[in-house]
Amino acid sequence: MGRKSVAVLDVRSSEVTVLVGERGVNHTFVLKANRTETYFGYENGAFYDTAQLGDAIMRALAAVERICGERIKTLFVGVPGEFTQVIPKEHEVSFPKRRRIGDREIGLLYESGREELKGYRFMRASSMIFITADNRRVVDPTGLVSASLSGVLSYFYCSDYFAQTMGEIFKGTGISLRYLPSGYAQATYLIPSETRDETALFLDAGYLSSTVCIMLGGGVCAQKTFWAGKGQIAVRLMKRFALPYDGAVALLDKANLFRRGGAPDSEFLYQGIAYEIPFDAFVEEVRAGLDDICEQVSVFLEECAGKELDNKPLYVTGEGICDIRGALEHVSKRLNRVCEQVAPDLPYYNKPSVSSRIALADTAYEDNRKRGLLYRILNGFGG
């Protein structure tokens, strides 16, 4: 694979995607090949069927390698929130005398503050803010002269279970795996840095699993993953209207919460069978499923009280909410907070449902480009 290209595995809660791409002009990203395969998903920190997961990944990998005409040697694997732990902490390092801050000093700060976490492996560290000896608070201290450097840092860990599962899947392939926290990659890619410097709320609403986090600068100060999304709303429809699950998903794709109540019932045809769907009952179930997501986000925000979140918008991406017409407006009303949809600013890929794969590719490209002393220090796990 070309030196300018990166290969990424995006693990979502209902599908996996392997893609190869490279950075284009004006910070765009050009995809050379990508393939998505569905699988059963995960719950409570474990995959439902690891054999089926492995088959899906290998099919996607083989298809992408066939299109590119070359073997993938290094694969960046996106770790979902379900398998990620984020540990925020304050840490300081002192120097024998005043010195100019560079990659070595920043790397020393990160490395000396890093701790082992039982059941998890270190992925990377990032900073919310740096502070010099004379109390200068900066996003990037490079070039400043100081006798010490402290920071409010975020340490990201991948569960041993996830890493071991991926290790078994790729055993014997000769592919080197490097791990990236998916939620962090999306938030830093989709939300402008000037917005994150003032604190930003981000929700990746997925198919079965969703993750909400608070961004500050280049770090995450709090994160929560919960089992709720588009798939659970489909289950509600399946039970309420006696539909097969795939039929419930197809029905949900037709939802439009902008329509006024009292609309006439409609006939829904699926695989040659007609179902009478009462409109008001249909909308009621969709809204109830969205309320489950809102409840989880509300609990998270209550737990994070005091983090200056008042009047902050909630940036939303993923397939769990944005694919349902009127859902974002309903969530906004329930949370009493402005909700803004975010997606990649790329032609043909400007959809929330593909945010994670594009964000991971962008982060992987930056990691490859900057892979020097600082990255060798930080990325001890997976690379």
Side-chain angles (χ1 to χ4, degrees), residues 6 8-13 15 17 19 21 23-24 26-31 34 36 76-82 84 86 123-124 126-128 139 154 156 180-207 209-225 229-230 293 297 300-301 309 312-324 327-328 331-332 335 337-367 369:
V6 293
V8 168
L9 168 61
D10 181 23
V11 181
R12 300 292 290 176
S13 55
E15 62 185 25
T17 299
L19 67 85
R23 179 68 57 77
N26 298 325
H27 204 66
T28 59
F29 207 84
V30 179
L31 295 189
N34 74 98
T36 298
F76 288 85
V77 181
V79 183
E82 183 81 11
T84 302
V86 183
M123 278 192 286
R124 69 193 295 124
S126 66
S127 67
M128 302 177 221
V139 174
S154 300
F156 297 88
L180 300 173
S182 181
Y184 164 82
Q186 291 182 78
T188 53
Y189 175 73
L190 296 170
I191 304 175
S193 58
E194 58 270 22
T195 301
R196 288 185 275 110
D197 289 345
E198 299 274 332
T199 308
L201 283 170
F202 176 72
L203 172 63
D204 174 17
Y207 192 83
S209 179
S210 301
T211 298
V212 59
C213 68
I214 300 174
M215 298 294 298
L216 179 58
V220 175
C221 55
Q223 178 171 302
K224 177 182 180 180
T225 297
K230 186 176 181 179
I293 297 174
V297 174
F300 172 75
L301 294 177
L309 301 176
K312 296 290 184 181
L314 176 66
Y315 296 95
V316 184
T317 198
E319 67 275 25
I321 289 178
C322 299
D323 285 354
I324 304 172
L328 204 63
V331 170
S332 180
L335 295 177
R337 185 180 298 268
V338 174
C339 291
E340 296 185 20
Q341 176 177 301
V342 286
D345 186 19
L346 294 175
Y348 309 110
Y349 298 100
N350 56 348
K351 299 178 179 63
S353 58
V354 302
S355 289
S356 56
R357 66 191 70 167
I358 301 299
L360 287 167
D362 184 82
T363 303
Y365 181 87
E366 284 300 306
D367 275 18
R369 187 178 69 84

Look at the side chain of S353 and the backbone N and O of G318, then say whether any donor-acceptor pair between them is shorter than 3.5 Å. no

Is the backbone of P80 close enough, under 3.5 Å, to the side chain of T84 for a donor and an acceptor to pair up by distance?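 Such a contact is found between T84 side chain and P80 backbone.
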
Any side-chain heavy-atom pair from [X] and [Y] closer than 4.5 angstrom?
X	Y	value
R124	L180	yes
V316	L328	yes
T199	I214	yes
D362	R23	yes
T211	L203	no
T17	V8	no
L9	F76	no
L360	Y189	no

Minimum heavy-atom distance between [X] and [Y], given as atom pair plus value:
X	Y	result
G183	F202	O-CE2, 4.0 Å
C221	L216	SG-CB, 4.5 Å
S126	G219	OG-CA, 3.4 Å

Which residue pairs pass the salt bridge (Lys or Arg N to Asp or Glu O under 4.0 Å) test with at least one member in residues 182-205, sequence neighbours excluded? R12-D204

Using the side-chain contact (heavy atoms from CB on, under 4.5 Å) rule, take E82 and S13 through it: C-alpha gap first, then chi angles, then the decisive distance, then the call. CA-CA 9 Å; E82 183 81 11; S13 55; over 6 Å; no

Could you list the residues that satisfy ring-ring contact (aromatic ring centres under 6.0 Å, His included) with F156, not counting sequence neighbours?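 ring-ring contact (aromatic ring centres under 6.0 Å, His included) check on F156 returns Y184.
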
Under the side-chain contact (heavy atoms from CB on, under 4.5 Å) rule, what do M128 and S154 come out as? Steps first, then yes or no, please. CA-CA 7 Å; M128 302 177 221; S154 300; 3.2 Å; yes

Report all side-chain donor-acceptor pairs from residues 337-349 shorter than 3.5 Å, counting only partners two or more places apart or in another chain.
from	atom 1	to	atom 2	distance (Å)
R337	NH1	L309	O	2.7
R337	NH1	K312	O	2.8

At what distance, to the nearest 0.5 angstrom, does [atom1] of [X] lie from [atom2] of [Y]?
X	Y	atom1	atom2	value
E319	S356	CD	OG	7.0 Å
S210	K230	OG	NZ	12.5 Å
D10	T36	CG	OG1	8.0 Å

Report the C-alpha distance between Q223 and V212 in whole Å, list the side-chain angles of each, state the deciding distance to 0.1 Å, and finish with yes or no for side-chain contact (heavy atoms from CB on, under 4.5 Å). CA-CA 6 Å; Q223 178 171 302; V212 59; over 6 Å; no

